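Worksheet for the structure shown next.
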Amino acid sequence: MRGSASLSFRVHFSFSFLSMRIAHDSQNFFLGGPAGRLESILWTPTRAGAPPLAAMVCHPHPLFGGTMHNKVVYNAAKTMDALGIPVLRFNFRGTGLSAGAHDKGVGEQGDVQTALDFLASQFPSTPLLVAGFSFGSYVGLRAGCRDARAVELIGMGIPVNATDFSFLQDCPKPKLFVQGGEDQFGARAKVEQVVGALNGETELVIVPNADHFFAGHLDEFNDAINSWLTRRHPELHVLS
């Protein structure tokens with residue numbers, strides 16, 4: 001463990017808590033990104049009062065079919081929405097109806113910055129959370145570490161087998177990692193090594209028997225995110 005890191009580790013067995021209808025306003029629109037328009041969806045809870053957080057969720061690799069409609073991304077957004085957190089999803093450049101071309105995770109960080117600027121304009125003075133799945137975890141967390149408005153980070157299915165996540169060692173922001181125990185792109189031992197070397201408050205949840213896409217284990221995945229957020233923000237509660 002490096003420095004003053006605080007690492008919590010859990011192997012997660014649980015059940016779904018999201019068997020209710022979620023009340024939100026949904027907006028489909030385009031953001032003006034650095035490579036052109038970015039196809040976006042914003043869910044804004046209809047409950048009264050200012051939200052304690054506003055979040056964005058970044059999708060997996062677009063060259064392998066990843067979009068903002070990916071099941072893992074959708075479930076992460078649904079979990080946050082159920083807690084009354086506004087959630088933005090968007091398609092990276094060259095994906096879906098977004099303009100531009102794939103840029104191997106470099107230009108995509110500018111796309112994340114555009115999304116952060118939008119969230120900050122829509123929810124002024126509200127702390128931001130950046131989450132990402134697979135390729136989206138690398139791009140999203142890299143941009144989120146640099147932006148002071150992003151105060152919490154969630155990495156889901158981090159692909160450590162072939163991607164360098166050492167940038168996180170200089171990022172003390174609170175972080176949650178949710179990983180399948182049988183993730184074919186993020187071996188458990190390597191994930192534990194990467195996360196164990198980080199500074200700051202960090203939690204790793206291993207979902208037993210789950211693959212990279214948490215197939216058949218999305219309930220446990222959802223509950224891991226819900227548990228972390230409600231422990232950090234007791235004022236959050238699931239809409240009924």
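For the numbers below, each heavy atom of this structure counts, side chains included, while hydrogens, waters and symmetry mates do not. If you're wondering where the values come from, they're calculated on a predicted model, not measured in any experiment.
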For residues 151-161, tabulate all N or O donor-acceptor pairs below 3.5 Å that involve a side-chain atom, not counting sequence neighbours.
{"unit_1": "E152", "atom_1": "OE1", "unit_2": "H233", "atom_2": "NE2", "d": "3.1"}
{"unit_1": "E152", "atom_1": "OE2", "unit_2": "R232", "atom_2": "NE", "d": "2.6"}
{"unit_1": "E152", "atom_1": "OE2", "unit_2": "R232", "atom_2": "NH2", "d": "3.0"}
{"unit_1": "E152", "atom_1": "OE2", "unit_2": "H233", "atom_2": "NE2", "d": "2.8"}
{"unit_1": "N161", "atom_1": "OD1", "unit_2": "A187", "atom_2": "N", "d": "2.9"}
{"unit_1": "N161", "atom_1": "ND2", "unit_2": "Q184", "atom_2": "O", "d": "3.3"}

Which donor-acceptor pairs under 3.5 Å do side chains of residues 125-137 form with protein atoms, sequence neighbours excluded?
{"unit_1": "T126", "atom_1": "OG1", "unit_2": "F123", "atom_2": "O", "d": "3.3"}
{"unit_1": "S134", "atom_1": "OG", "unit_2": "H212", "atom_2": "NE2", "d": "2.8"}
{"unit_1": "S137", "atom_1": "OG", "unit_2": "S134", "atom_2": "O", "d": "2.5"}

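By the side chain to side chain donor-acceptor pair (under 3.5 Å) test, S121 pairs with no residue at all, sequence neighbours left out. Residues forming a side chain to side chain donor-acceptor pair (under 3.5 Å) with N28 (at least two apart in sequence, or on another chain): none. In this structure Q113 satisfies the side chain to side chain donor-acceptor pair (under 3.5 Å) test together with D117, D147, sequence neighbours excluded. For D211, the side chain to side chain donor-acceptor pair (under 3.5 Å) test picks out no residue, with sequence neighbours left out. For S40, the side chain to side chain contact (heavy atoms under 4.5 Å, CB included) criterion is met by F29, L31, L38, L88, F90, not counting sequence neighbours. With sequence neighbours excluded, the residues forming a salt bridge (Lys or Arg N to Asp or Glu O under 4.0 Å) with R93 are D111, listed by chain and number. Partners of Q109 by side chain to side chain contact (heavy atoms under 4.5 Å, CB included), not counting sequence neighbours, listed by chain and number: V139, R142, R146. Annotation: side chain to side chain contact (heavy atoms under 4.5 Å, CB included) contacts of Q122 (sequence neighbours excluded): F118.
Between the CG atom of N199 and the CG atom of D170 there is a distance of 8.0 Å, given to the nearest 0.5 Å. Taking CD of E39 as the reference point, atom CZ of R89 lies at 10.5 Å (rounded to 0.5 Å). Distance CG/L204 to NZ/K175: 12.5 Å, rounded to 0.5 Å. Between E203 atom CD and E201 atom CD the span is 8.0 Å, to the nearest 0.5 Å. From S98, atom OG reaches atom CD of E108 across 10.5 Å, with rounding to the nearest 0.5 Å.
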Is there a side chain to side chain contact (heavy atoms under 4.5 Å, CB included) between L229 and L53 once you walk through the steps? CA-CA 10 Å; L229 285 171; L53 290 170; 4.1 Å; yes
Do N75 and K78 pass the side chain to side chain contact (heavy atoms under 4.5 Å, CB included) test, and can you show the C-alpha distance, the side-chain angles, and the key distance before you say yes or no? CA-CA 5 Å; N75 271 269; K78 182 176 67 171; 3.6 Å; yes
Output, in order, the C-alpha distance, side-chain angles, deciding distance and verdict of side chain to side chain contact (heavy atoms under 4.5 Å, CB included) for H24 and T44. CA-CA 5 Å; H24 63 235; T44 304; 5.9 Å; no
Report the C-alpha separation of M68 and I41 in whole Å, then their side-chain angles, then the decisive distance to 0.1 Å, and conclude whether the side chain to side chain contact (heavy atoms under 4.5 Å, CB included) test is met. CA-CA 9 Å; M68 64 177 170; I41 299 174; 3.8 Å; yes
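Using modelled atom types, one finds a donor on one side chain and an acceptor on the other under 3.5 Å when comparing T79 with N222. With hydrogens and angles left out, the side-chain atoms of H59 and N70 include no donor and acceptor closer than 3.5 Å.
Applying the ring-ring contact (aromatic ring centres under 6.0 Å, His included) rule to pairs touching residues 144-171 yields Y138-F165, Y138-F167, F165-F167, sequence neighbours excluded.
Counting heavy atoms from C-beta outward, F30 and L97 have side chains that approach closer than 4.5 Å.
Taking hydrophobic clusters as Ile, Leu, Val, Met, Phe, Trp and Tyr residues chained together by side-chain heavy-atom distances below 4.5 Å, L42 does not share a cluster with Y74. Under the 4.5 Å side-chain heavy-atom criterion for ILVMFWY residues, a single connected hydrophobic cluster contains both V87 and L218.
Residues W228 and F221 place their aromatic rings such that the two centres sit no closer than 6.0 Å.
Applying the under-4.5 Å side-chain rule to Ile, Leu, Val, Met, Phe, Trp and Tyr, the cluster around F64 extends to L63.
Nearest approach of A150 to K173, heavy atoms of both residues: O-NZ, 2.6 Å.
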